[in-house]
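In what follows, a single structure is set out as structure tokens and then discussed.
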Protein chains: 2
Amino acid sequence: MNKLELLRTFVRVSELSSFTLAGESLGLPRSTVSEQVRALERLLGTRLFNRTTRRVQTTQDGALLYERSKDLLSGMDEIESLFSADDADLAGRLRIDLPTMMARRLIVPALPGFLERFPRLEVELSCTDRQVDLLREGFDCVMRIGALSDLDVVARPVGRLSMRNCASPAYLERHGVPRNLQDLAGHRLVHYVRNLGARSAGFEYEQEGELRFQAMAGVVTVNNAEAYSAACLAGLGLIQVPAVGVDEHLRNGELVSLLEPWQARAMPVSLLYARQRHVPRRVQAFMNWLAALLASQVDPVAAPSG
Amino acid sequence: MNKLELLRTFVRVSELSSFTLAGESLGLPRSTVSEQVRALERLLGTRLFNRTTRRVQTTQDGALLYERSKDLLSGMDEIESLFSADDADLAGRLRIDLPTMMARRLIVPALPGFLERFPRLEVELSCTDRQVDLLREGFDCVMRIGALSDLDVVARPVGRLSMRNCASPAYLERHGVPRNLQDLAGHRLVHYVRNLGARSAGFEYEQEGELRFQAMAGVVTVNNAEAYSAACLAGLGLIQVPAVGVDEHLRNGELVSLLEPWQARAMPVSLLYARQRHVPRRVQAFMNWLAALLASQVDPVAAPSG
DNA sequence: AATACTGTTCGTATTGAATGGACAATGGGA
DNA sequence: TCCCATTGTCCATTCAATACGAACAGTATT
């Protein structure tokens with residue numbers, strides 16, 4: 001009895017909710033699928049599907065087994081490709097978490113290329129902006145922008161995001177266009193803080209390699225990247241954001257770049273992963289791809305500031 | 001081709017360093033073992049053992065595969081016993097880390113009982129006293145005594161260890177026996193600190209439910225539980241330790257308990273485990289057993305101080 | 001140099017699983 | 001309400017993979 005095959009067909013049946021379709025997709029007759037499921041149920045001593053001839057749905061036990069099986073089969077795939085020279089045959093499931101903005105602007109658009117290169121990989125993508133997040137509730141890899149907290153994980157720096165100072169045309173029409181730091185006195189900054197209740201340090205810029213801040217008034221404080229750019233678009237003040245998050249708005253003319261000699265320091269981007277016994281090769285492959293992708297996208301302007 | 005069987009025999013061969021013994025222990029003829037290893041090597045495209053007819057030793061690849069295989073087979077065992085009502089058939093490998101003293105005095109002596117109840121479990125026991133340890137370099141469960149750092153793990157409190165104030169007879173003969181807090185002025189304390197360089201707060205005791213400290217002189221500072229009691233045995237001063245660590249010395253008369261109305265606050269004991277997608281049932285079983293063991297061992301004196 | 005033991009090879013036999021057709025049950029449509 | 005298409009189940013047959021054991025070859029010890 002090949003337990004792994006049993007699990008494979010079980011997983012397929014779970015995903016397709018049909019013995020017939022599962023059989024077709026695996027190149028097996030219905031009868032075999034049926035027998036394998038029956039064998040697995042007998043082995044585990046539980047009913048895995050509630051099935052009539054018309055509907056197949058996993059029981060609670062089945063749902064639990066599905067999750068575990070996915071992991072186990074991933075592990076088996078990992079083992080099988082452990083020593084293969086090219087990693088085109090890496091297989092399994094990747095669970096990653098990205099900042100919303102990065103996912104939408106950069107990674108998701110490029111993801112088809114990744115999946116083409118690794119046709120046997122599956123990606124489960126979660127998006128979060130909370131910083132001190134549940135990192136590693138089973139995630140293989142988490143991307144974080146900015147300073148890192150003291151965490152029991154390995155952080156791999158993969159690049160820096162160059163920053164832009166932006167404002168909406170409507171805002172600039174009303175308050176004028178600032179040309180230097182002194183002009184900021186008459187302007188407003190949308191304050192971004194990681195945790196509400198914290199205080200924003202003001203307008204950030206670099207001078208002689210040193211980080212400096214210019215206190216600025218503001219009427220809105222947000223703790224969310226989406227809300228941050230939305231506030232700027234709404235004319236609530238200046239923002240300082242990674243270029244990648246606003247390049248489209250800048251091209252559209254919905255936002256305007258300004259005070260270009262006084263950019264905030266480029267933001268470090270890191271990939272965090274669990275400090276485990278071993279890092280699966282598929283995770284390494286993904287991180288390498290992500291690092292390359294970022295390297296190609298990060299503005300060269302950012303380099304000297306790092 | 002049953003890949004799991006292949007891995008099982010591979011693991012057995014690795015552990016026994018012999019095809020023949022592996023075959024015997026698995027109830028298979030040598031030839032089958034040989035063929036299965038060959039099949040696995042062909043599947044993975046690597047040589048797993050350097051073998052002459054006299055010696056079998058794993059290659060580097062073999063060693064790598066061994067670790068992964070153990071995990072995978074553990075996972076399979078876990079799946080197989082997922083839905084069994086009694087957990088006597090739990091199987092797999094447990095990797096745990098305990099404070100040295102607890103391991104030696106409490107857990108290891110009771111471990112045979114645990115392994116008898118779960119005959120298919122294997123335990124890999126690591127002992128450490130460094131507090132902010134690499135918790136979860138693949139550990140299923142880590143026990144910590146005392147305050148917990150801010151960690152990305154789940155902490156399950158399992159009891160409290162009542163404390164004792166101790167000194168050696170030789171020391172007491174020379175410095176006299178302290179009867180109250182005022183007497184401490186003429187005594188020495190062996191200072192225990194978590195990290196060398198830190199300062200000890202002195203003699204700790206509870207009064208009216210509040211934690212208090214009495215500064216005391218000392219000539220030795222240690223950061224290790226073993227060294228701590230050794231220092232006391234050597235007559236270097238008083239110590240305040242969990243009773244479980246010194247009960248034998250107290251019975252022997254090698255140490256003497258004193259200042260019994262002024263005990264340090266009972267130390268909380270916690271089990272830490274990774275906040276993962278799922279906690280394997282074997283880990284739950286182990287933690288339950290450990291919690292029960294501690295509950296039975298913790299001195300009732302400890303209760304009111306918690 | 002001989003021997004005892006080890007891993008390997010190979011032809012054979014048997015176990016065990018895949019197959020596909022017949023059957024039964026379900027649920028939608030007429 | 002009845003019918004039928006479709007789905008999961010069952011079973012006897014077929015097929016193939018694999019376990020087996022004996023013969024072989026190398027090694028290390030005595």
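Residue numbers begin at 1 in each chain, while the letters A, B, ... track the order of the sequences.
We find that B/D77 and B/R93 are not joined by a salt bridge, their nearest charged nitrogen and carboxylate oxygen being 4.0 Å or further apart.
A/V56 comes within 4.0 angstrom of the backbone, heavy atoms only, and of no base. Backbone-only contact: A/R38 has heavy atoms under 4.0 Å from sugar-phosphate atoms and none from a base. Residue-level contact check: B/E5 touches neither bases nor backbone, having no heavy atom under 4.0 Å from any strand. Residue contacts for A/T32: at a heavy-atom cut-off of 4.0 Å it reaches a base atom on one of the strands shown.
Rounded to whole angstrom, the span from the CD atom of B/E35 across to the P atom of D/dA22 amounts to 16 Å.
Read 5' to 3', the first and last nucleotides of DNA chain C with an atom closer than 4.0 Å to a heavy atom of chain A are C/dA17 to C/dG27.
Between B/F10 and B/F49, the angle of the ring planes lies from 30° to 60°, which puts this pair in the tilted group.
For residues 15-39 of chain B, every residue pair satisfying the salt bridge (charged side-chain N to carboxylate O under 4.0 Å, His left out) rule, not counting sequence neighbours, is listed here: B/E15-B/K70.
Residue B/S31 places none of its side-chain N or O atoms closer than 4.0 Å to OP1 or OP2 of D/dG21. Note on B/R30: every side-chain N or O is 4.0 Å or more away from OP1 and OP2 of D/dA19. Within the 4.0 Å cut-off from OP1 or OP2 of D/dG26, not a single side-chain nitrogen or oxygen of B/R51 is found. For B/Q36, no side-chain nitrogen or oxygen approaches OP1 or OP2 of D/dT18 to under 4.0 Å.
Atom CD of B/Q60 is surrounded by 12 or fewer heavy atoms from other residues, nucleotides or ligands within 6.0 Å.
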